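Accompanying notes for the structure given below.
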Amino acid sequence: MNSSLWDEAINRVLEPTIIKTKNILNNYKYLYDIAEKLRKAKEEVIKNFDYYIEQTIKSIEQIGGFSYLARDAKEARRIVGEIVGSGKKIVMSKSMVAYEIGLRPYLISKGNEVWETDLGEFLIQLADEPPSHLLAPALHMTKERVAKLLKEKIDRNIDENKSIEELVNIVRNFLRSKFFNAEIGISGANVIAADTGAILTIENEGNIRMTSIIPPVNIVVTGIDKIVPTLEFAFYEVMIQSAFGTMYPPTYVNLSAGPSSTADIEIKRVRPAQGPKEFHVVLVDNGRSKAAKDPILWEALLCIRCGRCYFHCPIYRNIGPSWGIPPYNGPTGVMWNAVIHGVTNENVGKTALLCAHSGGCKEVCPMKINIPEVIHYIKRSYLKMIRK
Amino acid sequence: MESISDSWIITLRNLIIKNLKENMLPLPVSKSICYEWALDLKLRKNCDTILYTSCLYQLAPYINAFTKYIEKFGVSKGRFSSLVSIFSKFSFFIQPNKELVEKTNKILRNIANELSKVMDFGYLYEDEPYSGALLYELGFEDEFKEYAEKVVELFESKNIKKIITVDPHTHYILKVIYPKFVNFNIDVINYLEIIKPNKKVNLTATIHDSCLYARFLNMYDLPRKILDEIGVLRKEHDIITAKDSGGCCGGPLESLAPEISRKIAEKRIQDLTKVSNNVIVLCPICLANLSRVASNVNIIDFAELIG
């Protein structure tokens, strides 16, 4: 994208975002203790992935869901593709893992109608662009750009001078019918509790709740790194991710543990009631279990995707979203692309070479990941390879 | 996004290594530029405690001059054969900014003078080697290790027991990285931890922190404490000068992605000048990279204030 457009967009959001997160952390001091406990719990899972994946799969089945483990992106697409079939109307809430495995274009290619329902993700779907931030995929678009885009793609009568409130309302109205007509809702997970199979998501928009509740089938697509040992830690995760991701408390915390049911007539359990009748969880590996065994890269798996490191990185601030391989960019994205594509992948190596080790990322990481050290490792692994 | 050329980074590595082998400096400059600042100070050469510059301040003006060529010939686009020629006739092509040369020499003299008030130390003059930090920072660890072994050998042959560093790159590499790669038992201390300046400075200024001091060596507060003691009126900003969001000068990318490096430096200067037109730096790389884009801004090295 045009560099001056990026500068304009980032300048508008940088300072308020940094200050807001700092205020949250100052006001709710218990968050640091919780973050420390969460890191330990995540370490436990990463060191014993096989055990916790198996426990998660069993727990999901016990609560009446269907669970699947996909080794790579292709397998994940195939699994979801088989559940979905073709000719369906689908709504998706924003999921980085769904983007990672190329799910939306795959489902469209199978003859389905697919709509992203997170506002930012909806905008990048319309623009056919990669996301610019983990939590704010359309961070690179100014309101003027959004108005122009909606005018082109949704309604020719949209006035390009509309306010942000009006623009949001246009999308709200457009997406209403998509939710109610959808046959399948595909959502992600901020965290999964191995002991109960419960999936937790946080949001402000309400689109995840609608995606996971209104259509008769809910498919959750997520990475195995999102597993924590218990529901207690799952709640810790959503608190930490929302606080460090600048929205505390989050407007909604959604917990899904199985298909909807009722036992109100003669205590007989009947599915569904008002929510979905089917609940599927696709756990995606795609490089994660391999990374877990790497003595340095494993730390990347601790990332809870709060996206805070982006704003404290001089490279991301200056280069923008193109520093990475979609959907992962920014400091954590350098690590995450190594998890998915391998430490010696050329594009991964080149993004690592651009790190100036300012260290801002590690200062603000809630999981205290030594991000510069991991990036340095990717850099040296890549250089070792090209020197041969 | 400006992409880094594999061939350029390998070429750069080869040029640096060749040079380190020849004169233990990363660039083909005359060794005399490293110690001319100390000629009239007549520091002892045989002392087990040394002031160690790693020639980094002295190289800064040359790095700046070379970066101009890197920008001109566009390494990111793969047209770097001209750069190789420049490197081979370095002293012919590279004309460092004289003011910057004088400035860096003065910085080192100030540090030496201030240290001499509180302790005894020597200086290796023509025998002083570069630390190898650049090889490590670029990611060439095997080469770094090999070179670091030579540096340690040299220090040991001179019975060095304690090293006083004057810049963050050298301090970090000796204090944190050397022990991970080589058998290194020399005590490393930074001049900021030693000096006790008792002068008063009438200055209002902001600080551009060194990434390494502030976020890797736990030295964010120390320079501030000294500045307060000497009466500098510090202008801070919640984001621009905060420990976790201050950010980089762009210097580490100057040889790999000069356009990005320049953009970062320009943005940094833009931000800092919102706080003050006097900007205090603590690192020769910051000094060089910010100076090359600064106009109507005074870039002042911390050590200029203590002399």
Side-chain angles (χ1 to χ4, degrees), chain A residues 1 3-4 6-7 10-11 14-19 21-23 25 308-309 311-324 329 346-347 349-365 370 372-373 375-388, chain B residues 1-10 13-14 76 135-144 169 172 177 209-217 220 237-240 242-254 256-257 259-268 270-271 274 285 289:
Chain A
M1 69 179 291
S3 143
S4 62
W6 167 252
D7 293 342
I10 188 76
N11 279 343
L14 190 68
E15 200 163 318
T17 310
I18 291 177
I19 296 291
T21 309
K22 281 188 179 177
N23 288 342
L25 298 174
R308 192 181 184 206
C309 57
F311 298 111
H312 295 258
C313 171
I315 308 302
Y316 177 74
R317 286 183 202 168
N318 281 283
I319 302 178
S322 63
W323 187 42
N329 42 30
E346 184 182 352
N347 293 327
K350 288 202 166 162
T351 56
L353 287 175
L354 284 174
C355 170
H357 51 84
S358 91
C361 51
K362 80 177 167 62
E363 288 295 317
V364 299
C365 176
N370 194 342
E373 179 65 25
I375 296 180
H376 186 80
Y377 163 69
I378 299 164
K379 201 189 265 194
R380 73 170 195 249
S381 306
Y382 177 67
L383 290 176
K384 213 168 218 174
M385 187 197 67
I386 62 168
R387 215 162 55 236
K388 276 177 187 160
Chain B
M1 186 181 79
E2 186 178 20
S3 178
I4 295 174
S5 143
D6 284 351
S7 338
W8 167 245
I9 193 164
I10 294 297
R13 165 201 176 267
N14 295 344
S76 56
L135 282 178
Y136 178 80
E137 287 164 8
L138 286 171
F140 292 109
E141 288 195 351
D142 294 344
E143 296 85 340
F144 163 74
H169 290 267
Y172 179 70
I177 304 301
D209 281 284
S210 138
C211 292
L212 290 170
Y213 280 156
R215 289 174 285 278
F216 292 84
L217 290 158
Y220 176 80
H237 183 279
D238 281 350
I239 291 175
I240 296 166
K243 184 179 177 187
D244 62 18
S245 52
C248 163
C249 69
L253 293 178
E254 64 200 349
L256 296 179
E259 290 165 33
I260 295 171
S261 173
R262 174 177 284 274
K263 190 180 173 202
I264 293 173
E266 283 168 353
K267 181 73 178 53
R268 187 68 185 139
Q270 226 179 63
D271 284 345
K274 286 181 202 157
I285 303 297
N289 210 47

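Computed from a predicted structure; not experimentally measured.
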Those residues that, when tested against B:Lys274, pass side-chain hydrogen bond (donor to acceptor under 3.5 Å, both in side chains) (two or more places apart): B:Asp271
Under 4.5 Å from any heavy atom of chain B - which part of A:Ile18: side chain
Under 4.5 Å from any heavy atom of chain A - which part of B:Leu138: backbone
CA sep, side-chain torsions, deciding dist, call: A:Arg387, B:Asn14, side-chain contact (heavy atoms from CB on, under 4.5 Å): CA-CA 11 Å; A:Arg387 215 162 55 236; B:Asn14 295 344; over 6 Å; no
A:Cys355, part contacting chain B, at a heavy-atom distance under 4.5 Å: backbone
Test: A:Lys22 and B:Asp238 ion pair at under 4.0 Å: no
Stepwise side-chain contact (heavy atoms from CB on, under 4.5 Å) test for A:Lys384 and B:Phe140: CA-CA 8 Å; A:Lys384 213 168 218 174; B:Phe140 292 109; over 6 Å; no
Segment of B:Arg13 engaging chain A (4.5 angstrom heavy-atom cut-off): side chain
Carboxylate-amine/guanidinium proximity below 4.0 Å for A:Arg380 and B:Asp142: no
Straight-line distance of A:His357 NE2 to B:Leu253 CG, nearest 0.5 Å: 8.0 Å
Residue part contacting chain A, namely of B:Ile10, when any heavy atom lies under 4.5 Å: side chain
Evaluation steps, side-chain contact (heavy atoms from CB on, under 4.5 Å), between B:Asp6 and A:Tyr382: CA-CA 10 Å; B:Asp6 284 351; A:Tyr382 177 67; 2.8 Å; yes
